[in-house]
Amino acid sequence: MALGVLLVVIITLIICYITYEHVSHRQKRAWLNGPSWVVPIIGSITDMVRRPHKYYTEQQKFGDISWNSVMGRFVVFCATTDISRKVFSNPDESLRVLLTMTAPRLLGEDNMLFMSGPVHKALRKQLLPLFTRRALGVYIKLQEERIRLHMEKWLQRSSQEPELEMRLLVRDLNIETSFTAFIGPYIDGKEKLAELSKHFLIVNDGFLALPIYFPGTTLWSAVRARKKIVAHLFEAAKRSKERMAANFEPQCLLDFWMESVKSDDSESHGELMKIVNDDKPVEHHVAKHVLDFLFASQDASTASLVWMCHLLDEHPDVLAKLREEQKMIRPNDEALTPELLEKMPYAYQVVKEVLRFRPPATMVPHVAIKDCQLMDNYTVPKGTIILPSIWAAQFEGFTDSDKFDPDRFSPERREDVSYAKHFMAFGSGQHLCIGQRYAMNHLTVFAALFSTNVEWHRTRPDSPKKQGNMVFPNYLPW
């Protein structure tokens with residue numbers, strides 16, 4: 001009897017919630033077009049993850065701005081460059097980057113990703129010494145070392161295994177490259193690198209986990225793993241500060257930052273402490289934000305490198321032109337330098353077209369922290385998730401945008417100038433990726449070395465169900 005009553009109560013509560021969700025969404029969407037029906041509670045999350053290309057294409061058909069629902073949350077989808085740029089610029093501070101439902105707990109509410117206004121601008125100014133030409137030159141050398149090392153391992157494995165899954169290989173390459181370029185001298189051996197990589201992957205899982213936080217859950221494990229990485233980064237920052245105080249040459253990103261704040265009475269140190277406004281040591285804040293760079297450099301670059309391998313295989317004419325350029329500039333597979341990269345216009349065009357044609361982050365979710373006037377005739381209600389579509393923007397304006405064509409960025413056609421506002425692979429506005437030059441160099445170094453030293457061909461799964469694309473958490477060929 002009691003069980004029957006409990007069942008009736010549960011069913012009644014579910015029906016009440018579904019009714020509330022339906023009525024609430026109808027009120028919030030006003031005149032917006034959108035799907036005629038969405039699955040209660042979970043919404044369109046299944047289509048978004050399992051069939052991303054179809055999901056984005058179908059959603060765009062509803063117009064410049066439309067509605068949907070994800071995990072019970074009301075969602076506004078922006079399908080034009082101008083509206084998406086307005087979201088990124090966030091002129092009235094009514095929006096905040098959300099990333100995923102678990103990101104605020106996982107990264108912390110005070111994370112740079114969620115900052116805005118004067119504090120955010122001041123912090124970005126602090127980061128400029130990390131991406132000077134001098135610093136990028138150091139990173140290029142480290143990037144090349146890691147890529148060559150991993151390519152050699154891949155070629156050795158290929159002699160024993162007829163097929164290798166590039167996503168996993170590139171993921172491991174990127175993790176090691178990021179740790180080496182950012183904190184290289186302070187990793188303390190291969191075992192520590194393996195440990196940090198393991199923690200990193202656990203944290204990564206947390207971004208796609210359900211927002212449920214108690215012992216044993218994926219999110220709980222991810223938060224613990226994050227704390228372990230930050231603890232190591234804190235100790236690394238202390239060692240780097242001592243090393244920079246002794247006037248050694250910087251060997252990684254952490255060194256370049258600590259070089260600018262090595263003295264407690266330096267102007268840069270004082271500015272950073274004003275920004276954070278607490279009594280924690282500068283090493284704590286540096287460690288926290290270096291972790292941000294580790295994540296920013298990981299999944300997006302992995303997706304782009306996998307797409308590069310796929311697209312070069314699909315377009316042998318592009319691969320041939322890339323190899324011809326490398327043969328002219330580096331006939332003996334010479335080591336790469338910033339000066340050599342500047343002599344590779346076609347490699348740069350290939351990289352930029354990969355990022356345009358298949359942006360690794362198809363959208364950057366924001367949340368309205370107050371009502372937001374997104375259009376003259378529509379106000380986004382507080383609490384709404386807003387999805388500015390980078391995907392849609394990058395297929396707007398460009399000539400034959402559905403075609404993979406690196407020549408669109410050539411000096412003759414200059415579509416990177418004519419349609420500059422549509423290229424949003426690195427975001428826009430106040431959260432424009434500050435490390436975009438690092439990322440472009442990484443992709444260009446890979447393109448130069450991989451095209452020169454490796455022969456490859458993509459094989460597809462036998463089952464049609466396994467073919468297509470996937471989100472993991474970025475957009476990837478599968």
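Fair warning: this is a prediction, and the values are worked out from it, not measured in the lab.
At least one donor-acceptor pair under 3.5 Å links the side chain of S304 to the backbone N or O of A300. Remark: the backbone N or O of D64 is not paired with any side-chain donor or acceptor of T80 at under 3.5 angstrom. Distance alone, capped at 3.5 Å, places no donor-acceptor pair between the S418 side chain and the E415 backbone. Remark: the backbone N or O of L432 is paired with a side-chain donor or acceptor of R124 at under 3.5 angstrom. For the pair H422 (side chain) and A392 (backbone), a donor-acceptor distance under 3.5 Å is absent. Panel note: side chain H431, backbone M115; a donor-acceptor pair is recorded below 3.5 Å. Of the possible polar contacts, one joining the S401 side chain to the F395 backbone as a donor-acceptor pair under 3.5 Å is found. The backbone N or O of V306 lies less than 3.5 Å from no partner atom in the side chain of R167, so there is not a single donor-acceptor pair. Put simply, the side chain of H315 never gets that close to the backbone of D313: no donor and acceptor are under 3.5 Å apart. In terms of modelled atom types and a separation under 3.5 Å, the side chain of N453 and the main chain of L449 share a donor-acceptor contact.
You'll find the side chain of R243 stays beyond 4.5 Å of the side chain of R239, heavy atoms only. Between F293 and I434, the closest side-chain pair of non-hydrogen atoms falls below 4.5 Å. By the 4.5 Å heavy-atom criterion applied to side chains, Y56 and T362 are counted as neighbours. Using a 4.5 Å cut-off on side-chain heavy atoms (C-beta onward), V75 and T384 make no contact. Using a 4.5 Å cut-off on side-chain heavy atoms (C-beta onward), R413 and T399 make contact. Within the 4.5 Å cutoff, no side-chain heavy atoms of L322 are placed close to those of M344. Counting only heavy atoms from C-beta outward, the side chains of S66 and Q59 approach each other to under 4.5 Å. Side-chain contact between V282 and K241: present, with at least one pair of heavy atoms (C-beta onward) separated by less than 4.5 Å.
Residues F207 and L99 come closest through the heavy atom pair CE2-CD2, 3.9 Å.
Evaluation of the side-chain contact (heavy atoms from CB on, under 4.5 Å) rule for S44 yields V38, Y55, N68 as partners, not counting sequence neighbours. Remark: R96 pairs with P104, E109, F114, V367, I369 by the side-chain contact (heavy atoms from CB on, under 4.5 Å) rule, at least two apart or across chains. For S178, the side-chain contact (heavy atoms from CB on, under 4.5 Å) test picks out F182, L294, S297, Q298, with sequence neighbours left out. For E58, the salt bridge (Lys or Arg N to Asp or Glu O under 4.0 Å) partners two or more places apart in sequence, or in a different chain, are K61. By the side-chain contact (heavy atoms from CB on, under 4.5 Å) test, Q394 is found to be paired with R356, P359, I390, F423, M424, A425, residues two or more places apart in sequence or in another chain being considered.
For the 3.5 Å distance criterion, the side chains of D333 and T452 fail to qualify, holding no donor opposite an acceptor. T302 and R171 share no donor-acceptor pair across their side chains, judged by distance under 3.5 Å alone. Under 3.5 Å, the side chains of Y348 and N441 contain no donor-acceptor pair of N or O atoms. Between the side chains of Q143 and T177, no donor-acceptor pair of N or O atoms lies under 3.5 Å.
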- Trace of the ring-ring contact (aromatic ring centres under 6.0 Å, His included) decision for W456 with F450: CA-CA 10 Å; W456 77 97; F450 196 69; 4.6 Å; yes

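A distance of 5.0 Å separates OG of S451 from CD of Q326, quoted to the nearest 0.5 Å. The CZ atom of F256 sits 9.5 Å away from the CD atom of Q251 when rounded to the nearest 0.5 Å. For the atom pair CD1 of I183 and CG of L196, the computed distance is 5.5 Å after rounding to the nearest 0.5 Å. If you take CZ on F295 and CG on D292, they are separated by 8.5 Å, rounding to the nearest 0.5 Å. With values rounded to the nearest 0.5 angstrom, S240 atom OG is found 9.5 Å from L253 atom CG. Between the CG atom in N204 and the CG atom in D299 there is a gap of 4.0 Å [rounded to 0.5 Å].
In this structure, K192 pairs ionically with E195, as a charged nitrogen and a carboxylate oxygen lie closer than 4.0 Å. Between R148 and E144, at least one side-chain nitrogen of the basic residue sits less than 4.0 Å from a carboxylate oxygen of the acidic one, meeting the salt-bridge criterion.
Around CZ of F248, the count of heavy atoms belonging to other residues, nucleotides or ligands within 6.0 Å does not exceed 12.
Aromatic ring orientation, H442 versus Y438: parallel (interplanar angle below 30°, classes split at 30° and 60°).
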Listing, residues 128-136 side-chain donor-acceptor contacts under 3.5 Å, not counting sequence neighbours, or none:
{"from": "T132", "atom 1": "OG1", "to": "A135", "atom 2": "N", "distance (Å)": "3.2"}
{"from": "R133", "atom 1": "NH1", "to": "E342", "atom 2": "OE2", "distance (Å)": "2.6"}
{"from": "R133", "atom 1": "NH2", "to": "E339", "atom 2": "OE2", "distance (Å)": "3.3"}
{"from": "R133", "atom 1": "NH2", "to": "E342", "atom 2": "OE2", "distance (Å)": "3.3"}
{"from": "R134", "atom 1": "NH1", "to": "E259", "atom 2": "OE1", "distance (Å)": "3.2"}
{"from": "R134", "atom 1": "NH2", "to": "E259", "atom 2": "OE2", "distance (Å)": "3.2"}

